[in-house]
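Below is one structure; the comments refer to it alone.
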Amino acid sequence: MTRDGNEWSVERSRIADVLKVIETKKEQLLLNTTSLKEDIIDLRKKFWDDVTVNFDEVDDAVETYASIKQQSELLSERERSHGHYHKNKQLLERMEKSPYFGRIDFEEEGEGEEQIYIGVSSLMDEKEEYFLVYDWRAPVSSMYYDFEPGPAHYLTPSGTVKGEIELKRQFVIENSQLAGMFNTGITIGDSLLQKVLGDRASSQMKSIVATIQKEQNAIIRNESSRLLLVQGVAGSGKTSAAMQRVAYLLYRYRKQIGADQILLFSPNQMFSSYVAAVLPELGEEPMQQSTFQEYVSKRLDSEFTLQTPFEQLEASLATKASGAGPYNQETVDFKSSVYYKEMIDHYLTQLSTNGMKFRNLKFRGEVVITAEEIKEYFYQLDPSMKMANRVDLVKDWLFSELKRIEKEEQAKDWAEEEAGLLSKEEYHQAFQQLERGHNFDEETFDDFEKEEWLLRNWVVKRRIDSLRRKVADYQFIHIRKVYGGMFHDSYSIQNQKLPKSWEIICNRTLRNLQQRYLPVEDQTPYLYLKDQLEGKKVNTSIRYVFMDEAQDYSIFQFLYIKELFPHAQFTLLGDKHQAIYSHNHGQKTILDEQVHEGKATKMELSRSYRSTKPIVDFTKCLLKDGAEIEAFNRDGQLPRVWKTERNTEAKKAIIDVVRSRQKEGHKTIAILCYSLEESKLAYELVGEELDAALIYKETQSFQEGVLILPVYLAKGIEFDGVVVYNAANPGYQFEGGHLMLYTACTRAMHELDIFIHNNCPILSGIPVELYMKKETAAL
């Protein structure tokens, strides 16, 4: 730590000066905000007083609309300004606690030396003439992350600026007070990083702008790659870097894009809540977040009972733990692959000439247009047209047919009878709708014949509109039968790489379709086929898509998601060592460059910061290629392996270990289990005494305290301490099980305790000097 008396005094004095400027700006914002708030309240109260309302004539109605629009826009502008001031106030309050974290003294070629202070946001002096603090995302700030003292440069829109860094300094400012100061030759000195990484875990991810490493900075500021792959080992900061990348893009392209044009696909909703605070902490609006399963459910929930990815994984884990072998592994592998997508494309080609399935259209319980008639019309159309275009022409034809049917039905007795039996409420509803449609004026509605004719029309239209909606929603196509057509003997399969158990796959798929049950491996292919027939459901407004835990997505899923967002640049982040889902076992993941045929930029993060060095050294031995993982040199206790013989012994031991960790000051402790079933057993054993929360579904939020949950729900999250409930579970010993145990152990920041209830082959390959064998009697 640099604590030269004079330099320390100078830096403390500067912090005091900066804090005065912040206080002045806060006072000015308060004045502006108060005035704006009064304006907004006044505008809301007098909104209709200042609007001219007159609908007597067309010109008057136009004037009224313009008046309302003008008043509404004025109110919206005031509300936006109020929101902007409020956001700036929050940012200033944040800067007040720690106005900046870094300084570089840079001498530009041909210019004098400038002291550049770097913080979470820019701050100018009271006259708005020069910068007291530069935003960490500004071009000049990149030198702080990328260079040590000596020659340096940074890119600007007008070109490269070269010069010399004379000094690089890091600060620890806590509650407006200078607590530490380091001169360093690298991006982040070990002393500062040790302090930050030594902090306790919290219920939400923290911003890492003060500790961004050079390799992380390259990810954050990458602007050229349309497809960026980030392979990062557990604890390498890839998710944190992704959040800062979003903040950087919003800063860099603030005039072109907004937060609503960036989408993050999270592994689950618990993870979404964990990362939700990062962008607001940096003064940015939250981006859109979703899970892929949420999208699938929105599209298919009304048609099928859908298996969730976690249910699929649970089924796989159960069979592995019992030694029964992989769950439908060949089915999952094939239907998740690019080969299956190619098979569907081939099937679509065949459908252009034969095989489409349609539904009868019924009106009042009777078939009015048969499926055969729709099929005949479809195959009369030019087969060289795209399938979706032909389907749209069929839809137009059906609309015209429904118009003809509507006219025919209006003359039938049932319409007259139903019109005569309308309730008072229905009669009033008909009157209002017909009035809006300008079908009559109030003076003529008392004419009995006119009234009867109008009501008959209204009754028929109301009935037939429900059929029109079904046609508009493409329900005249029997997608379930079309999809099932690939699995019938009549389908001609050519040049397809079919799995050995194709016949079994066919029977199982047809049975599932009949029962309206759709497993995970069928959901994306089903949607893909549906979109090829109905027209792609694309979103052209999203400009950047982030996919965290990308190794959990199948190749088919990724190709489908790419088509959903045709104008977006993609950032995929993940870790091949945590590929625990069924479709990834023995398969390439979408983090592999070969999958993208040379169209991707790949960056790797091999240094782990989350866990202490003893924990990293232990966990990397669980992997075949773990030697490539580098541990940050942060001291800590060796992991402890506890062997217990009986449940009563295990109960006491786990309770004692957790309470010991709590006494040491650890606030977030996870008891991680192989599966949901094991999590429930653990909860029954120790949950009540530890006041623990059982996390059993992905919709639950992350919270502090003692949590008991399956490993797969803990992905992407970190805890002060981790207790592995039973590393001897047979499921961990099989291929892929090592990755599960690795994922569990790497959630630990400071302390790792592993329990085994009998022999544990997976630990036999780990050098004994990397962990402590503990006896429960010692507790």
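Just so you know, these numbers use all the heavy atoms, side chains as well, and skip hydrogens, waters and symmetry mates.
- What you find for V246 and L279 is that their closest heavy atoms are CG1-CD1, 3.7 Å.
- P639 and I615 get closest at one heavy-atom pair: CG-CA, 4.1 Å.
- Side-chain atoms of S608 and K620 form no donor-acceptor pair, as typed in the model, at a separation below 3.5 Å.
- Side chains of E549 and Q551: a donor on one and an acceptor on the other come within 3.5 Å.
- Annotation: the span from H596 atom NE2 to L229 atom CG amounts to 4.5 Å, rounded to 0.5 Å.
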Determine whether Y483 and D522 satisfy the following criterion, side-chain hydrogen bond (donor to acceptor under 3.5 Å, both in side chains), listing intermediate values before the conclusion. CA-CA 10 Å; Y483 186 72; D522 279 303; 2.5 Å; yes
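- From Y732, atom OH reaches atom CG of L741 across 6.0 Å, with rounding to the nearest 0.5 Å.
- A donor-acceptor pair under 3.5 Å links the side-chain atoms of K715 to the main chain of Q578, judged by distance alone.
- Classification of the F310-Y712 ring pair by plane angle, with boundaries at 30° and 60°, yields parallel.
- In this structure, E677 does not pair ionically with K680, as no charged nitrogen and carboxylate oxygen lie closer than 4.0 Å.
- Contact record, L770 with L638: O-CD2, 3.6 Å, taken as the closest heavy-atom pair.
- Using a 3.5 Å distance cut-off with no hydrogens or angles, the side chains of S554 and S336 do not pair a donor with an acceptor.
- Between F265 and Y295, a ring centre-to-centre spacing not shorter than 6.0 Å is recorded.
- Comment: K774 does not engage D753 in a salt bridge, judged by the lack of any side-chain N to carboxylate O separation of less than 4.0 angstrom.
- Between E563 and Y528, the side chains place no donor N or O within less than 3.5 Å of an acceptor N or O (distance only, hydrogens not considered).
- Atom CG in L622 sits 9.5 Å away from atom CG in L739 (nearest 0.5 Å).
- With E521 contributing its side chain and D333 its backbone, the two residues share no donor-acceptor pair below 3.5 Å.
- Nearest heavy-atom pair, Q293 versus Q307, reported as atom, atom and distance to 0.1 Å: NE2-O, 3.7 Å.
- In this structure T524 satisfies the side-chain contact (heavy atoms from CB on, under 4.5 Å) test together with F292, F556, Q557, Y560, sequence neighbours excluded.
- Of all the heavy atoms in R480 and L513, the pair that sits closest is NH1-O, 3.5 Å.
- Heavy-atom contacts from other residues, nucleotides or ligands closer than 6.0 Å to CD of Q514 number 12 or fewer.
- For the residue pair Q289 and S266, a side-chain donor N or O sits within less than 3.5 Å of a side-chain acceptor on the partner.
- Side chains of E303 and Y526: a donor-acceptor N/O pair is present below 3.5 angstrom, by distance only.
- In this structure, K602 has no salt bridge (Lys or Arg N to Asp or Glu O under 4.0 Å) partners at least two apart in sequence or on a different chain.
- Shortest non-hydrogen contact noted between F334 and Y340 is O-CB, 3.2 Å.
- Enclosure of atom NZ in K537 by more than 12 non-hydrogen atoms of other residues, nucleotides or ligands within 6.0 angstrom is indicated.
- Distance CZ/R245 to CD1/I212: 12.5 Å, rounded to 0.5 Å.
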